[in-house]
Amino acid sequence: MTFRTIDWTENKIRLIDQTALPGHSLYLNIETVEDLAEAICSLRVRGAPAIGIAAALGVALAANNHTDEPAEAFISSIRDAMDVLGRTRPTAVNLFWALNRMEQVLNQAAHLSPGEIRERLLQEALDILNEDRLICHQLGVHGAELIPDAANILTHCNAGALATSEYGTALAVIYEAVSQGKEIKVYADETRPLLQGARLTSWELNANGISVTVLCDSAAAFLMQRGEVDCVIVGADRIAANGDVANKVGTYMLSVLAEKHEIPFYVVAPVSSFDLSISSGSEIPIEQRDRSEVAAFMGRITVPEAVPVYNPAFDVTPNHLVTAIVTEKGVLTPPFELSIRKVLLEGGILSDA
Ligand code: MRU
């Protein structure tokens with residue numbers, strides 16, 4: 001990779017500001033939880049796994065910034081930080097999964113000194129970061145088995161290295177297929193309204209020497225009709241127990257189109273994206289974002305002020321439109337209710353009790 005998405009350096013969180021891409025590769029040093037919450041809300045750091053990593057590092061940052069406080073105040077400062085971070089974005093379950101891991105460490109270490117608690121929290125956050133690298137690599141290896149040589153792949157939003165610690169989820173499959181010598185051509189939906197496909201996916205693939213063409217979201221149907229798409233590959237922000245998938249708004253539309261054109265539709269996500277506490281996608285909280293993202297373009301107002309805007313950041317693809325879900329444990333096929341449960345049971349992530 002030619003860049004680092006997120007790191008811990010000199011007691012600060014260092015991240016590439018994704019709002020400045022593709023024009024500028026600007027790195028931010030985040031020193032407070034408030035600045036980190038702002039960075040997550042404004043999508044300076046974004047993508048489900050990266051949000052989880054950022055939140056975990058944010059808890060370590062809070063511990064670092066409050067070590068001098070008496071034990072009780074120290075622990076309550078860390079819990080406050082978890083609350084602040086937990087309120088940033090509602091859809092990506094990886095945020096809550098990572099905060100939950102940090103909370104478990106805090107609970108187990110609560111009797112220790114602030115310095116020792118700080119060390120344990122930092123270690124857990126770094127584990128989450130480093131595990132993600134390995135997981136993304138495994139996603140790539142499993143997913144690449146599904147990709148034929150000379151494939152044209154359509155993707156949506158950015159589920160790449162910028163959305164994770166490294167490699168990505170959907171894009172890890174592409175990086176791996178290319179490294180195996182397959183000739184891959186990527187089509188990246190621009191992904192209105194914040195253009196993660198145009199600004200981020202095309203930037204990172206191009207920076208890594210992979211052929212990529214950007215299209216308006218509304219051109220995807222025509223591209224498929226012309227026979228130019230061999231498969232669709234996307235990431236996920238949360239997957240319900242029945243395999244319904246929340247991902248960037250527009251993903252559902254692609255899944256409907258893929259079915260119509262008999263094109264496989266693959267979702268690539270770590271098992272931390274499964275949320276078995278909800279049975280179907282209708283229960284997934286969908287983030288609604290500000291009207292300004294839709295009502296202005298290139299510095300100009302594009303929607304009359306009196307007219308309301310509908311701006312959900314995500315949508316839900318029903319499980320019957322998903323051909324397979326690629327995880328770090330292997331490729332899951334329908335019926336997803338069973339295959340998801342099985343992979344989590346085998347991985348010891350779920351118990352039968
Ligand atoms: O609003 P964003 O940019 O955080 O949305 C990101 C996506 O929808 C990604 O596809 C998803 O998080 C998977 S990232 C590996």
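Values reported hereafter were calculated over all heavy atoms of this structure, with side chains retained and with hydrogens, waters and symmetry mates removed. Quick caveat, the model's predicted, so the values are computed rather than measured. Read the numbers this way: they start at 1 and go in the same order the structure lists the ligands and their atoms.
- When all heavy atoms of Asn319 and Asn242 are compared, the closest pair comes out as ND2-O, 2.5 Å.
- Crowding of Arg341 atom CZ: a count of heavy atoms from other residues, nucleotides or ligands under 6.0 Å not exceeding 12.
- Every atom of ligand 1 is numbered from 1 in the order shown, and the set under 4.0 Å from a heavy atom of Ala159 is 14 (S), 15 (C).
- Counting heavy atoms closer than 4.0 Å to ligand 1, residue His156 contributes nothing at all.
- Among all protein heavy atoms, the one lying closest to atom 11 (C) of ligand 1 is Asp237 OD1, 3.1 Å.
- Only the side chain of Gln196 comes within 4.0 Å of ligand 1, judged by heavy-atom distances.
- Contact annotation: Cys157 has at least one heavy atom less than 4.0 Å from an atom of ligand 1.
- For the pair Asp275 and Arg238, the salt-bridge criterion is met [side-chain N within less than 4.0 Å of a carboxylate O].
- Connectivity analysis of hydrophobic side chains (ILVMFWY, heavy atoms under 4.5 Å, direct or indirect) links Phe297 to Met298.
- Residue contacts with ligand 1 do not include Ala313, since none of its heavy atoms lies under 4.0 Å from the ligand.
- We find that Arg44 and Asp17 are joined by a salt bridge, their nearest charged nitrogen and carboxylate oxygen being less than 4.0 Å apart.
- Distances from ligand 1 to the non-hydrogen atoms of Ala236 include at least one value under 4.0 Å.
- When Gly235, Ala163, Ala92, Gly52 are checked for heavy-atom proximity to atom 14 (S) of ligand 1, Ala163 turns out nearest.
- Under 4.0 angstrom from ligand 1, the non-hydrogen atoms of Asn158 all belong to its backbone.
- Summarising the hydrophobic clusters (Ile, Leu, Val, Met, Phe, Trp, Tyr; side-chain heavy atoms under 4.5 Å, direct or chained), the residues clustered with Val303 are Val294, Val307, Val309.
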